[in-house]
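Here's the structure, in structure tokens; my notes come after.
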Amino acid sequence: MPELPEVQTVVNSLNELIIGKEITSIEELHPRTLINQKNINIIGSKIISVNRRGKYLIFVSDGDWKILAHLRMTGKFIIVKNYDKTEKHIRALIRFSDDSYLLFKDVRTFGFMEILKANDKPNSLEKLGPEPLLKSFNKKYLTEKLRNRKGSIKTILLNQHIIAGLGNIYVAEILYKAKISPLRAGNSLKKNEIDLIVKYTKSILKKAIEKNGTTIIDFSGVDQKSGEFQNFLHVYQKKRCKCGNPIIKIKQAGRSSFYCERCQK
DNA sequence: CCATTGACCTGAGCGC
DNA sequence: TGCGCTCAGGTCAATG
């Protein structure tokens with residue numbers, strides 16, 4: 001389940017592996033994967049960088065186009081020298097002039113790659129909240145956003161329009177470190193609690209990026225290697241808290257939440 | 001504007 | 001062995 005650190009890990013690998021490669025063909029192997037509504041031709045140009053915004057990837061080219069991509073739950077980018085056509089779940093592919101391939105593999109087919117004009121500003125990006133690791137995500141901003149929200153802090157932190165990049169795993173870990181129950185209403189949080197959320201959001205995401213993300217079920221990097229951050233999780237899919245109490249699993253907005261009733265108030 | 005719910009998908013895991 | 005059920009969860013549209 002790629003969240004910000006996992007997407008950043010993928011972006012870092014792609015920047016090492018496909019920069020400067022010239023595209024010779026692109027193919028969709030499963031419907032709704034490759035979106036190109038403007039019929040933009042990308043053949044003959046090169047990828048010059050890969051960037052991240054929230055959980056989105058943006059492939060920037062030396063032509064008048066870019067690719068917006070999202071891995072959703074099970075999407076993976078894989079670079080191979082030889083494309084094995086018998087491999088399952090390959091949804092789209094790009095071939096480069098050196099005969100290597102960028103494969104987009106996605107079991108559950110929710111991910112996509114969308115070809116856009118270089119100066120397009122898609123709504124999905126425009127509506128995103130601030131990047132959690134930048135200074136624009138701070139105590140003042142979050143305080144303002146929580147002021148009139150009576151929904152649960154868990155659901156609020158998952159809302160990409162409020163903060164971009166968090167998913168189920170990291171929200172659980174952030175609330176655990178901040179000692180805040182996922183059930184608390186957004187507008188009930190005190191100043192120091194908001195401060196802790198901001199602080200732990202940044203520190204946990206930074207550490208997870210250093211560890212190349214979390215591999216629980218569906219994530220592996222471009223090189224198929226696992227991340228290491230799962231070894232540092234405290235509550236997500238855990239049975240017991242360090243304090244000895246069991247970790248409670250509940251449903252919030254259709255998503256599972258994990259927390260310790262003793263440590264998180 | 002805000003909150004909630006269902007839809008989109010496939011494979012793994014479980015009970016019987 | 002196999003069937004049917006539940007679960008996994010990121011995002012958006014629809015609804016109140």
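All chains are named by letter (A, B, ...) in the order of the sequence lines, taking the proteins before the strands, and each is independently numbered beginning at 1. All values below come from the heavy atoms of this structure, side chains included, with hydrogens, waters and symmetry mates left out.
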Residues in side chain to side chain contact (heavy atoms under 4.5 Å, CB included) contact with H234(A), at least two apart in sequence or another chain: E173(A), Y176(A), K177(A), K242(A)

Can you identify which nucleotide, out of dC12(C), dG11(B), dC9(B), has its nearest atom closest to the Y56(A) side chain? dC12(C)

Between dG10(C) atom P and R32(A) atom CZ, what is the distance in whole Å? 20 Å

If I take atom CG in residue L158(A) and atom P in nucleotide dA8(C), what distance separates them, rounded to the nearest angstrom? 14 Å

Distance check needed: dT10(B) C1' versus H89(A) NE2, whole Å only. 8 Å

Can you tell me if F110(A) is stacked onto the base of dT11(C), using a 5.5 Å centroid cut-off and an angle below 30°? no

Using only side-chain N and O atoms of Q160(A), determine if any of them is under 4.0 Å from OP1 or OP2 of dT11(C). yes

Nearest to the S124(A) side chain among dG11(B), dC12(C), dC9(B), which nucleotide is it? dC12(C)

Sorted by chain and number, sequence neighbours left out, side chain to side chain contact (heavy atoms under 4.5 Å, CB included) with A253(A) holds for T155(A)

Numerically ordered, the residues 249-259 of chain A set in heavy-atom contact under 4.0 Å with DNA chain C is K249(A), K251(A), R255(A), S256(A)

Any side-chain N or O of H70(A) less than 4.0 Å from the OP1 or OP2 oxygen of dG10(C)? no

Between the side chains of K249(A) and S256(A), is a donor N or O closer than 3.5 angstrom to an acceptor N or O? no

Holding to side chain to side chain contact (heavy atoms under 4.5 Å, CB included), I want the full list of residues that pass it with S136(A), two or more places apart in sequence or in another chain. P130(A), L134(A)

Which residues pass the salt bridge (Lys or Arg N to Asp or Glu O under 4.0 Å) test with R52(A), sequence neighbours left out? E131(A)

The complete set of salt bridge (charged side-chain N to carboxylate O under 4.0 Å, His left out) pairs with one or both residues in residues 63-75 of chain A, sequence neighbours excluded, reads D64(A)-K117(A)

side-chain hydrogen bond (donor to acceptor under 3.5 Å, both in side chains) partners of D84(A), counting only residues at least two apart: T86(A)

Y141(A) side chain near L146(A) side chain, heavy-atom distance below 4.5 Å: no

Report the distance from atom CG of L68(A) to atom P of dT11(C), rounded to the nearest whole Å. 11 Å

Round to a whole Å and report the spacing from CG of N123(A) to P of dC12(C). 9 Å

Contacts of R184(A) meeting salt bridge (Lys or Arg N to Asp or Glu O under 4.0 Å) (sequence neighbours excluded), chain-then-number -> E193(A)

For nucleotides 1-3 of chain B, give me every protein contact, N/O to N/O, under 3.5 Å, one pair per line with atom names.
unit_1, atom_1, unit_2, atom_2, d
dC2(B), OP2, R149(A), NH2, 3.4
dA3(B), OP1, K150(A), N, 2.9
dA3(B), OP1, G151(A), N, 3.0
dA3(B), OP2, R149(A), NH1, 2.9

Residues at least two apart in sequence or cross-chain that pass side-chain hydrogen bond (donor to acceptor under 3.5 Å, both in side chains) with R32(A), listed by chain then number, are none

Whole-Å distance between dC12(C) C1' and E114(A) CD? 14 Å

The helix from dC2(B)-dG16(C) to dC16(B)-dG2(C): angle between end helix axes, five pairs per end, rounded to 10 degrees: 50°

Contacts of type salt bridge (Lys or Arg N to Asp or Glu O under 4.0 Å), residue D62(A), not counting sequence neighbours: none

Taking atom P of dC12(C) as reference, at what distance in whole Å does atom NZ of K127(A) sit? 7 Å

Do the rings of Y83(A) and Y101(A) sit parallel, tilted or perpendicular, given the 30° and 60° boundaries? tilted

note: D106(A), atom CG; dG11(B), atom C1'; distance rounded to Å ~ 13 Å

